[in-house]
Amino acid sequence: MRPDELRSHQWYGTDGLRSFSHRARTRQLGYLPEEHLGKPVIAVLNTWSDINPCHVHLRDRAQAVKRGVWQAGGFPLEFPVSTLSETFQKPTPMLYRNLLAMETEELLRSYPVDGAVLLGGCDKTTPALLMGAASADLPSVFVPAGPMLPGHWRNEVLGSGTDMWKYWDDKRAGLIGDCELAELESGLARSPGHCMTMGTASTLTAAAEALGVTVPGASSIPAVDSGHDRMAAASGIRIVELVHQDVKLSRLLTREAYEDAVATVLALGGSTNAVIHLIAMAGRSGVRLTLDDFDRIARTVPVLANLRPGGQYLMEDFHFAGGLPAFLARLTDVLHLDRPTVAHDTLREQLAGATVHNPEVIRPRDRPLADEGGVAVLRGNLCPDGAVIKHIAAEPQLLRHTGPAVVFDDYRTMQRTINDAALGITADHVLVLRGSGPIGGPGMPEYGMLPIPDHLLKQGVRDMVRISDARMSGTSYGACVLHIAPESYVGGPLALVRTGDLITLDVEARSLHLDVSDEELARRRAAWTPPPARYGRGYGALYSEQITQADTGCDFAFLARDGEVPDPYAG
């Protein structure tokens with residue numbers, strides 16, 4: 001690409017007053033003309049923050065990216081963007097995923113940018129950055145934040161999230177005390193980086209690599225490994241080459257790429273949250289991805305990643321077993337190998353020579369962890385638009401279960417009353433939480449792994465059927481039916497369930513059924529009153545007015561629809 005063909009040329013290369021002003025202001029920044037004129041301008045979008053432990057190292061990684069851009073003859077400019085910290089942001093960073101997507105899109109469109117490197121990894125940042133970049137449609141490379149080091153406690157290797165839930169239940173059951181819990185606090189998460197289990201962060205960064213928007217092997221490199229620095233620099237080099245070749249994201253993010261990402265997620269036994277995010281990401285790429293696509297593909301791929309919470313190992317083990325290239329090499333019969341990636345002309349070329357070094361971590365096809373993909377899509381009168389369950393992380397005897405409902409109208413009520421002996425909760429009951437969906441949550445928080453009552457934990461019960469319109473952490477486990485659509489807050493059937501109603505879950509039949517007659521449900525619906533709006537003003541009001549339901553990706557309607565957006569006139 002010639003210098004006058006670069007998008008940034010509109011800002012810097014013409015003879016008008018505005019270009020004179022842009023060049024003068026760049027001198028104000030301290031740059032020489034030869035440092036930037038005629039070179040690809042690369043935006044380095046950084047989600048670093050002091051309060052985001054998953055991204056606390058990205059300030060340094062941005063420098064490595066810039067080093068690569070300079071070496072390749074580009075001009076890097078770092079842009080701070082919203083940080084979505086799964087650990088701290090309330091009520092949930094899912095409420096703000098679309099805000100970061102908007103910021104990403106509009107920043108790339110409104111500045112003199114020819115390409116972008118996107119630094120993220122904590123759960124919502126990966127889809128948000130890629131949604132915005134897909135809408136802006138510039139050459140882009142994603143740099144995953146990388147998993148943290150394995151946790152340690154006494155003689156045990158810990159997985160963040162997964163072992164937090166486990167040992168918290170042990171504390172409630174009286175199996176460990178305050179001293180052990182204090183030790184666990186210091187050993188559970190001991191370095192920068194996102195969760196090192198196959199939670200949402202690892203699932204979504206693996207999906208990004210499967211989509212072809214990272215350099216090969218990027219998604220599993222531990223955050224503090226020197227290889228992570230090298231990967232960031234390589235990404236900076238590569239983005240300059242992509243700009244010169246005019247390889248926009250729309251060339252990469254095709255239906256075939258999204259189907260391969262779905263297959264990857266399912267074969268990894270990945271997070272249920274990926275269902276929502278990939279549907280939203282695909283929509284921004286003009287690809288209609290549905291729950292039926294997930295269910296169809298799930299029946300064609302086995303689970304080969306022996307990773308927590310559904311398996312045994314952690315992400316560092318996966319990385320040294322060969323990472324995603326070796327993993328995908330086990331799935332070549334179901335992948336679209338002739339599509340391009342940011343690093344190669346074809347995925348086939350990218351996977352050539354990839355080798356599995358530990359078949360216990362990345363299982364062979366004849367010895368899978370499960371015969372079908374790790375997420376099942378359910379239908380029935382309780383979820384007419386669908387629901388999901390990560391069945392490989394549930395106790396097998398609960399995958400076909402009928403039991404009476406115990407209904408909680410909201411999360412706070414559930415927290416306050418779950419241990420109330422008057423409820424008479426047994427292991428056979430079905431715990432139901434409503435008011436926790438996209439609008440009701442608000443933001444569809446990770447409330448779906450409802451706690452088991454203390455008295456049952458003390459009896460040794462570690463799993464129950466739990467149903468909600470919420471999400472759950474990708475690091476969690478259990479027979480949790482999630483993402484019920486439409487949600488209760490807008491009048492979905494979940495709003496009509498009463499304590500004592502029988503509910504039948506049958507994962508093999510892909511069914512979730514409320515055993516109440518249609519006539520009785522009609523009577524209940526006639527008596528149902530819509531709850532008041534959550535927000536009277538501000539971003540929350542915009543969110544509530546525009547958010548779509550879980551089965552369509554929880555994007556904003558005005559962002560998900562078709563329509564042209566012109567490039568700005570730079571003057």
Side-chain angles (χ1 to χ4, degrees), residues 65 68 72 115-118 121 126 130 133-134 139-144 146-147 202-221 225 227-228 230-268 270 274 278 281-282 285 287 297 300-301 304-305 315 318-358 361-362 364-365:
V65 171
V117 177
L118 316 168
T126 299
L130 288 172
S140 301
V141 175
F142 183 74
V143 171
S202 294
T203 301
L204 267 295
T205 53
E209 184 173 340
L211 285 169
V213 296
T214 77
V215 298
S219 63
S220 63
I221 304 172
D225 193 299
H228 200 267
R230 296 191 297 271
M231 176 271 293
S235 300
I237 292 171
R238 187 60 186 144
I239 187 59
V240 177
E241 296 168 347
L242 291 171
V243 169
H244 283 305
Q245 296 164 8
D246 197 25
V247 179
K248 297 179 179 178
L249 272 183
S250 55
R251 181 179 165 191
L252 308 177
L253 297 181
T254 61
R255 165 161 285 280
E256 290 76 16
Y258 281 106
E259 288 188 351
D260 287 353
V262 170
T264 300
V265 165
L266 294 168
L268 286 167
L278 282 172
M281 292 160 63
S285 300
V287 174
I297 296 171
T300 69
V301 294
L304 300 181
M315 285 303 297
F318 182 77
H319 177 64
F320 291 116
L324 201 72
F327 180 81
L328 295 180
R330 296 272 209 221
L331 298 170
T332 52
D333 58 312
V334 300
L335 301 176
H336 299 87
L337 297 175
D338 294 321
R339 61 181 178 86
T341 71
V342 295
H344 292 91
D345 291 335
T346 66
L347 180 61
R348 185 189 311 278
E349 181 184 349
Q350 182 160 311
L351 300 182
T355 303
V356 173
H357 304 301
N358 188 337
V361 178
I362 302 175
R365 291 291 289 268

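Position 1 is the first residue of the sequence, and the numbers go up from there.
In this structure, CG in L242 is found 7.5 Å from CG in L252, a value given to the nearest 0.5 Å. The distance from atom OH of Y258 to atom CD1 of I297, rounded to the nearest 0.5 Å, is 13.5 Å. With rounding to the nearest 0.5 angstrom, the NE2 atom of H228 is 9.0 Å from the CG atom of D225. One finds the OG1 atom of T254 at 8.5 Å from the CG atom of L211 (value rounded to the nearest 0.5 Å).
Across every non-hydrogen atom of A326 and I362, the tightest pair is CB-CD1, 4.3 Å. Contact detail for L130 and M281: the closest heavy-atom pair is CD1-CE, 3.8 Å. Of all the heavy atoms in D260 and A210, the pair that sits closest is O-CB, 4.3 Å. Listed here is the closest heavy atom pair of E209 and A218: OE1-N, 3.4 Å. Between L324 and F318 the shortest heavy-atom distance is N-CE2, 3.7 Å. Of all heavy-atom pairs spanning A343 and P216, the tightest one is CB-CD, 3.6 Å.
Side-chain atoms of T355 come within 3.5 Å of backbone atoms of G353 as a donor-acceptor pair (strictly under, hydrogens ignored).
Residues T214 and P144 meet the side-chain proximity criterion, which asks for heavy atoms closer than 4.5 Å. A 4.5 Å side-chain heavy-atom check between L268 and F327 finds at least one atom pair inside the cut-off. Side-chain contact check for L347 versus H336: every heavy-atom pair is 4.5 Å or farther apart. Annotation: side chain of L337 is in contact with side chain of L351 (closest heavy-atom distance under 4.5 Å).
Applying the salt bridge (charged side-chain N to carboxylate O under 4.0 Å, His left out) rule to pairs touching residues 321-330 yields nothing, sequence neighbours excluded. Residue pairs meeting the salt bridge (charged side-chain N to carboxylate O under 4.0 Å, His left out) criterion with at least one partner in residues 238-253, sequence neighbours excluded, are R238-E241.
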